[in-house]
Enquirer: 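Sharing a structure with you now.
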Amino acid sequence: MTAKAFASQADLEEKKVSFVQLSANAYAYTAEGDPNTGVIVGDDAVMVIDTQATPVMAQDVVRRIREVTDKPIKYVVLSHYHAVRVLGAAGYQPQHIIASRDTYDLIVERGEQDKASEIGRFPRLFRAVESVPPGLTWPTITFEGRMSIWLGRLEVQLIQLGRGHTKGDTVAWLPQQGILFSGDLVEFDATPYAGDAYFRDWPQTLDNIAALQPAALVPGRGAALTTPEQVQQGLAGTRAFITDVRECVQAGVQAGKDLNAVYKDTYARLKPKYAGWVIFDHCMPFDVTRCYDEMTGHADPRIWTAERDVEMWKTLEG
């Protein structure tokens, strides 16, 4: 058996971009399972949710925005802090970058390591990485729990519905239209990355999303979900994956197995059901390692460094 190439270093295939209008104000920039960006066009300004990984990549989002409006891009919202989501922020030249206080705290604690780690994992998603300005993407506004931004008469609610993908997860909700931008709390036909996750909390957070009864939802990866039925499908698929990982890992830990054995068991159990989802092989080592940590006393995710990434991969996939 040949060893798998590290993370997604072998993933070089370009994806087709779609820019889908969900309402008079809301758009989804999606790319066949690559990270999504949300766009809200208000009365007087534009808000972008998650930025793409580099300013050069952000320019393609800006180009699509300019096809539908010439209003200024005033706000960038970070649904959470992962390099692939935030390092393109400079490309929009926004007046404000908004994130939860929990997300701000994660930047302080692990922003530099996360940046180095992610760029090494998935080079294709960091096209023109040299265009990323030095340093990190820092919010200019933080909030706790929830806040509203008014784009003229259009209200955008930024809400922390609970921990899941990270401790700082924020959704953007258009209550007048029933449209939700979930960040990576919800994925569709794409494997949830859970290397910084809270497995115990995530299902409840998904229930909190469901309670809003979104008519449409833009997931972190995968196609925009444009009907309540598709939204239910996205929520159910994400919940099933997180639950399946957790149950497999828990069983292995209770049986006294080490991480290596737990990983092999979990991978074998989940592969028939989820192998067709984008980045399955990429995510599984990180997901199982984090879940194993959570089950064995690491309440909070340990910091991933470029070195820890490679060491973990060799241990589980070497």
Enquirer: Give me the atom names and distance for the closest heavy-atom approach of Leu174 to Ile40.
Expert: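 Here Leu174 and Ile40 meet closest at CD2-CD1, 3.9 Å.
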Enquirer: Taking atom NZ of Lys314 as the centre, report whether more than 12 heavy atoms of other residues, nucleotides or ligands fall under 6.0 Å from it.
Expert: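 Open: at most 12 neighbouring heavy atoms sit under 6.0 Å from NZ of Lys314.
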Enquirer: More than 12 heavy atoms of other residues, nucleotides or ligands under 6.0 Å from CD of Gln93: is that the case?
Expert: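 No, CD of Gln93 has 12 or fewer neighbouring heavy atoms, counting only those of other groups under 6.0 Å.
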Enquirer: Would Arg146 and Trp173 count as a cation-pi pair here, with the cationic atom under 6.0 angstrom from the ring centre and within 45° of the axis?
Expert: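 Relative to the ring axis of Trp173, which defines the angle, Arg146 lies outside at least one limit.
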Enquirer: Are any side-chain N or O atoms of Lys71 and backbone N or O atoms of Gly42, one a donor and one an acceptor, separated by less than 3.5 Å?
Expert: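 Side chain of Lys71 to backbone of Gly42, a donor-acceptor pair under 3.5 Å: yes, one is there.
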Enquirer: Are there over 12 heavy-atom neighbours, none belonging to Arg269, within less than 6.0 Å of that residue's CZ?
Expert: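 Result for CZ/Arg269: open.
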Enquirer: Between Tyr104 and Leu87, is there shared hydrophobic-cluster membership here, with clusters defined by ILVMFWY side-chain heavy atoms closer than 4.5 Å?
Expert: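 Linked, Tyr104 and Leu87 end up in one cluster.
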Enquirer: Please determine whether side-chain contact (heavy atoms from CB on, under 4.5 Å) holds for the pair Tyr263 and Glu317, giving the CA-CA distance in whole Å, both sets of side-chain angles, and the decisive distance to 0.1 Å.
Expert: CA-CA 9 Å; Tyr263 174 67; Glu317 290 286 7; 2.4 Å; yes
Enquirer: Hey, does the Lys NZ or Arg CZ of Arg290 hover above the aromatic six-ring of Tyr198, less than 6.0 Å from the centre and inside 45° of the axis?
Expert: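 Arg290 over Tyr198 ring: yes.
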Enquirer: Is it the case that Thr243 and Glu247 place a side-chain donor and acceptor less than 3.5 Å from each other?
Expert: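 No, no side-chain donor-acceptor contact under 3.5 Å.
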Enquirer: Report the distance from atom CD1 of Ile141 to atom CD1 of Ile97, rounding to the nearest 0.5 Å.
Expert: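 Atom-to-atom, Ile141:CD1 and Ile97:CD1 are 10.0 Å apart.
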Enquirer: Taking Asn36 for its side chain and Pro219 for its backbone only, find out whether a donor-acceptor pair lies under 3.5 Å.
Expert: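 Side chain of Asn36 to backbone of Pro219, a donor-acceptor pair under 3.5 Å: yes, one is there.
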Enquirer: Which atom pair, heavy atoms only, marks the closest approach of Gly195 to Trp304?
Expert: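 Shortest heavy-atom contact: O-NE1, 2.9 Å.
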Enquirer: Does the Gln52 side chain pair with the main chain of Met57, one donor and one acceptor, at a distance under 3.5 Å?
Expert: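 Checked: no pair found.
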Enquirer: For the side chain of Thr266 and the backbone of Val245, is there at least one donor-acceptor N/O pair under 3.5 Å apart?
Expert: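 Pair absent, no side-chain N/O of Thr266 close to backbone of Val245.
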Enquirer: Among Asp102, Thr103, Asn208, exactly one meets side chain to side chain donor-acceptor pair (under 3.5 Å) together with Gln160. Which residue is that?
Expert: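 Single side chain to side chain donor-acceptor pair (under 3.5 Å) partner of Gln160 among Asp102, Thr103, Asn208: Asp102.
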Enquirer: If you measure only the distance, is there a donor-acceptor pair under 3.5 Å linking the side chains of Ser117 and Asp114?
Expert: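 No, Asp114 and Ser117 have no side-chain donor paired with an acceptor closer than 3.5 Å.
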Enquirer: Would you check, one step at a time, whether the test side-chain contact (heavy atoms from CB on, under 4.5 Å) holds for Leu212 with Leu180?
Expert: CA-CA 9 Å; Leu212 292 171; Leu180 187 117; 3.6 Å; yes
Enquirer: Apply salt bridge (Lys or Arg N to Asp or Glu O under 4.0 Å) to the pair Lys167 and Asp201, showing each step before the final yes or no.
Expert: CA-CA 10 Å; Lys167 78 169 184 178; Asp201 296 10; over 6 Å; no
Enquirer: Check the surroundings of atom CD in Glu109: do more than 12 heavy atoms from other residues, nucleotides or ligands lie under 6.0 Å from it?
Expert: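 Atom CD in Glu109 is packed in, count exceeds 12.
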Enquirer: Of all heavy-atom pairs between Pro301 and Ala197, which one has the smallest distance, and what is that distance?
Expert: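 Looking at all heavy atoms of both residues, the shortest contact is CG-O, 3.9 Å.
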Enquirer: Quick one: pull up CD1 in Ile65 and CG in Asp70 and give me the separation to the nearest 0.5 Å.
Expert: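 That separation rounds to 12.0 Å.
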Enquirer: Quick one, Glu187 with Val278, criterion side-chain contact (heavy atoms from CB on, under 4.5 Å). Give me CA distance, side-chain angles, the key distance, then yes/no.
Expert: CA-CA 10 Å; Glu187 312 289 21; Val278 173; over 6 Å; no
Enquirer: Is there a donor-acceptor pair under 3.5 Å between the side chain of Thr54 and the backbone N or O of Arg127?
Expert: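 Yes.
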Enquirer: Check each of Phe286, Tyr267, Tyr193 against Phe280 using the ring-ring contact (aromatic ring centres under 6.0 Å, His included) test, and report the only one that passes.
Expert: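 Among the candidates, only Tyr267 passes.
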Enquirer: Closest heavy-atom contact between Pro35 and Val84?
Expert: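 Nearest heavy atoms, Pro35 then Val84: CG-CG2, 3.8 Å.
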Enquirer: Heavy-atom count check: over 12 atoms from other residues, nucleotides or ligands less than 6.0 Å from Glu67 CD?
Expert: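 Yes, because the 6.0 Å sphere around CD of Glu67 holds more than 12 heavy atoms from other groups.
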Enquirer: Could you report the tightest heavy-atom contact between Gly220 and Ser182, atom names first, then the distance?
Expert: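 Heavy atoms only, the tightest pair is N-OG, 4.0 Å.
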Enquirer: Check for a donor-acceptor pair, side chain of Gln59 on one end and backbone N or O of Gly91 on the other, with a separation under 3.5 Å.
Expert: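 Side chain of Gln59 to backbone of Gly91, a donor-acceptor pair under 3.5 Å: yes, one is there.
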Enquirer: Is the backbone of Val186 close enough, under 3.5 Å, to the side chain of Thr238 for a donor and an acceptor to pair up by distance?
Expert: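 Side chain of Thr238 to backbone of Val186, a donor-acceptor pair under 3.5 Å: no, none is there.
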Enquirer: Just grab all the side-chain hydrogen bond (donor to acceptor under 3.5 Å, both in side chains) pairs involving residues 74-88, residues at least two apart or on different chains.
Expert: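 Sorted result for residues 74-88: Asp50-Ser79, His80-His82, His80-His165, His80-Asp184, His82-His165, His82-Asp196, Arg85-Asp184.
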Enquirer: Please assess Asp309 against Met312 for the test side-chain contact (heavy atoms from CB on, under 4.5 Å), listing each intermediate value before the final yes or no.
Expert: CA-CA 5 Å; Asp309 280 4; Met312 177 277 296; 5.6 Å; no
Enquirer: Is it possible for you to say whether Met47 and Phe143 belong to one hydrophobic cluster, with membership spreading through side-chain heavy-atom contacts below 4.5 Å?
Expert: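 Yes, Met47 connects to Phe143 through the hydrophobic network.
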Enquirer: Where the side chain of Glu294 meets the backbone of Phe199, is there a donor-acceptor pair that is under 3.5 Å apart?
Expert: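 A pair under 3.5 Å: yes.
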Enquirer: Keeping the roles fixed (side chain from Thr137, backbone from Val86), state whether a donor-acceptor pair exists under 3.5 Å.
Expert: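 The answer is yes, because a donor-acceptor pair under 3.5 Å joins these two groups.
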Enquirer: For atom CZ of Arg63, is the number of surrounding heavy atoms from other residues, nucleotides or ligands below 6.0 Å larger than 12?
Expert: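 Yes.
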Enquirer: Taking 4.0 angstrom as the limit, do Asp300 and Arg110 come out as a salt bridge?
Expert: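 Not counted as a salt bridge, because no side-chain N and carboxylate O are separated by less than 4.0 Å.
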Enquirer: State whether the side chain of Asn25 and the backbone N or O of Val41 hold a donor-acceptor pair below 3.5 Å, judged by distance alone.
Expert: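 Yes, because the side chain of Asn25 sits within donor-acceptor range (under 3.5 Å) of the backbone of Val41.
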